[in-house]
Peer 1: 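Got a structure here, written out as structure tokens. Questions coming.
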Amino acid sequence: MAMRYLRAAGENLHHLKCLISHTTRINKGSQCLFSSAAHQRSAGDENNVDDSEDESGKTITVRTLEMRASKLEEQVQDLIARYKKALADSDTVRRRTQKFVEDAKIFGIQSFCKDLVEVADMLAKSTDSVSEEELGDQNPTLKNLYDGLLLIQEQLHSVFGKHGLQKMTPIGGKYDPYQHEIVCHVAADGSEPGTVTVVTHEGYQLHGRTIRHAHVGVAVESQD
């Protein structure tokens, strides 16, 4: 729409400039003819007055056309500025929409992943609850079940990795409020204060975005 108005204004401006140029040439031609005729004949005061009025009318016409051309020029510049602004706004909206679509594709499974990590927690608790003594040769059924759970757990974390879901490994790193939730403080005992030394609940990230904070214990300086 804006482009059509811009094109029409430009065409009108071009036609108006052509008309001004044509009128100016006619005016100049009339001046030459009037000058030649003045040398060849002797006219009365009444004829001189008529010629002056005709010349004044042509001058006013040229000035009117020039004013219209100037206004059209301003309109064209205004339309150009609005058109450029509309293009910039459209490009901004396009980039934002594209980013929104990309994020929707990446993080659309976020809620599903939150539910899956609960399953991973249950598997981890199940395998951790079995002691080495119970896995002896005296109980082969339990050992087979335990090995099956380990395979399921390994396969589940492999699927996590394919979709960008990763378990955090905060121990030894600095406390980060965007990734960790402090549940206790632990005496430093050689560790740097502010370092994560204990994890009581695993945290997960989806493509670098935290979907579940890790529950951690942070080292603090012991007070004597």
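All values below come from the heavy atoms of this structure, side chains included, with hydrogens, waters and symmetry mates left out.
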Peer 1: Are any non-hydrogen side-chain atoms of Thr92 and Arg95 less than 4.5 angstrom apart?
Peer 2: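 In short, these two side chains touch, coming nearer than 4.5 Å.
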Peer 1: Starting from Phe100 and following side-chain heavy-atom contacts under 4.5 Å between hydrophobic residues (I, L, V, M, F, W, Y), which residues can be reached?
Peer 2: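 Listed partners: none, Phe100 stands alone.
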Peer 1: Could you work out, with side-chain contact (heavy atoms from CB on, under 4.5 Å) as the rule, every residue matching Gln205, not counting sequence neighbours?
Peer 2: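 Only Met168, Gln179, Thr210 meet the side-chain contact (heavy atoms from CB on, under 4.5 Å) criterion with Gln205.
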Peer 1: Under the side-chain contact (heavy atoms from CB on, under 4.5 Å) test, which residues partner Lys84, sequence neighbours left out?
Peer 2: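 For Lys84, the residues satisfying side-chain contact (heavy atoms from CB on, under 4.5 Å) (neighbours in sequence not counted) are Ile80.
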Peer 1: Taking salt bridge (charged side-chain N to carboxylate O under 4.0 Å, His left out) as the definition, give me every residue that meets it alongside Lys125, ordered by chain and number, with sequence neighbours left out.
Peer 2: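 Salt bridge (charged side-chain N to carboxylate O under 4.0 Å, His left out) check on Lys125 returns nothing, list empty.
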Peer 1: What salt bridge (Lys or Arg N to Asp or Glu O under 4.0 Å) pairs are there with at least one residue in residues 190-202, not counting sequence neighbours?
Peer 2: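 Qualifying pairs, neighbours excluded: Lys174-Glu192.
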Peer 1: Tell me whether Phe160 is reachable from Leu149 by hopping between hydrophobic residues (I, L, V, M, F, W, Y) whose side-chain heavy atoms are closer than 4.5 Å.
Peer 2: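 They do share one cluster, since a chain of ILVMFWY contacts under 4.5 Å joins Leu149 to Phe160.
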Peer 1: Which heavy atom in Gln110 sits nearest to a heavy atom in Leu206, and how many Å separate them?
Peer 2: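 What the structure gives for the nearest pair is CA-CD2, 3.8 Å.
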Peer 1: Given Lys143, which partner from the list Leu145, Thr141, Asp147 fulfils the side chain to side chain contact (heavy atoms under 4.5 Å, CB included) test?
Peer 2: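 For Lys143, the side chain to side chain contact (heavy atoms under 4.5 Å, CB included) test succeeds with only one of Leu145, Thr141, Asp147, which is Asp147.
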Peer 1: Looking at every heavy atom in both Glu221 and Pro193, which two are closest together, and how far apart are they?
Peer 2: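 Minimum heavy-atom separation between Glu221 and Pro193: CG-CG, 3.4 Å.
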Peer 1: Which other residues end up in the same hydrophobic cluster as Ile171, if Ile, Leu, Val, Met, Phe, Trp and Tyr are linked when side-chain heavy atoms come under 4.5 Å apart?
Peer 2: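 ILVMFWY cluster around Ile171 also holds Tyr175, Ile182, Val196, Val199, Val216, Val218.
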Peer 1: For residues 114-124, tabulate all N or O donor-acceptor pairs below 3.5 Å that involve a side-chain atom, not counting sequence neighbours.
Peer 2:
unit_1: Glu118; atom_1: OE2; unit_2: Arg212; atom_2: NH1; d: 3.4
unit_1: Asp121; atom_1: OD1; unit_2: Arg212; atom_2: NH2; d: 3.3
unit_1: Asp121; atom_1: OD2; unit_2: Arg212; atom_2: NH1; d: 2.6
unit_1: Asp121; atom_1: OD2; unit_2: Arg212; atom_2: NH2; d: 3.1

Peer 1: If you take all heavy atoms of Leu165 and Tyr204, which pair is closest and at what distance?
Peer 2: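 Shortest heavy-atom contact: CD1-CB, 4.0 Å.
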Peer 1: Residues sharing Val186's hydrophobic cluster, by side-chain heavy-atom contacts under 4.5 Å among ILVMFWY, directly or via others?
Peer 2: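 When side chains under 4.5 Å apart are linked, the cluster holding Val186 also contains Val198.
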Peer 1: Going by side chain to side chain donor-acceptor pair (under 3.5 Å), name the residues that satisfy it together with Asn144, two or more places apart in sequence or in a different chain.
Peer 2: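 So Asn144 forms no side chain to side chain donor-acceptor pair (under 3.5 Å) with any residue.
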Peer 1: Which residue pairs pass the side chain to side chain donor-acceptor pair (under 3.5 Å) test with at least one member in residues 152-172, sequence neighbours excluded?
Peer 2: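 As it turns out, there is no side chain to side chain donor-acceptor pair (under 3.5 Å) pair with a partner in residues 152-172 once direct neighbours are skipped.
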Peer 1: Run the ring pair (Phe, Tyr, Trp, His ring centres under 6.0 Å) test against His215 and tell me which residues pass, sequence neighbours left out.
Peer 2: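 Partners of His215 by the ring pair (Phe, Tyr, Trp, His ring centres under 6.0 Å) criterion, ordered by chain and then number, come out as His201.
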Peer 1: Output all residues satisfying side-chain contact (heavy atoms from CB on, under 4.5 Å) with Asp78, sequence neighbours left out; order by chain, then residue number.
Peer 2: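 Scan of Asp78 (side-chain contact (heavy atoms from CB on, under 4.5 Å), adjacent residues dropped) gives Arg82.
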Peer 1: Starting at CD of Gln75, measure out to CD of Glu73 and round the result to the nearest 0.5 Å.
Peer 2: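 The CD atom of Gln75 sits 10.5 Å away from the CD atom of Glu73.
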Peer 1: For His213 and Tyr178, work out which heavy atoms get closest and say how close.
Peer 2: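 Smallest heavy-atom distance, with atoms named: NE2-O, 3.3 Å.
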Peer 1: How close do Ala214 and Gly203 get, heavy atom to heavy atom, and via which atoms?
Peer 2: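 Here Ala214 and Gly203 meet closest at CB-N, 3.6 Å.
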Peer 1: To the nearest 0.5 Å, tell me how far Arg96 CZ sits from Lys99 NZ.
Peer 2: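 Separation between the atoms: 12.0 Å.
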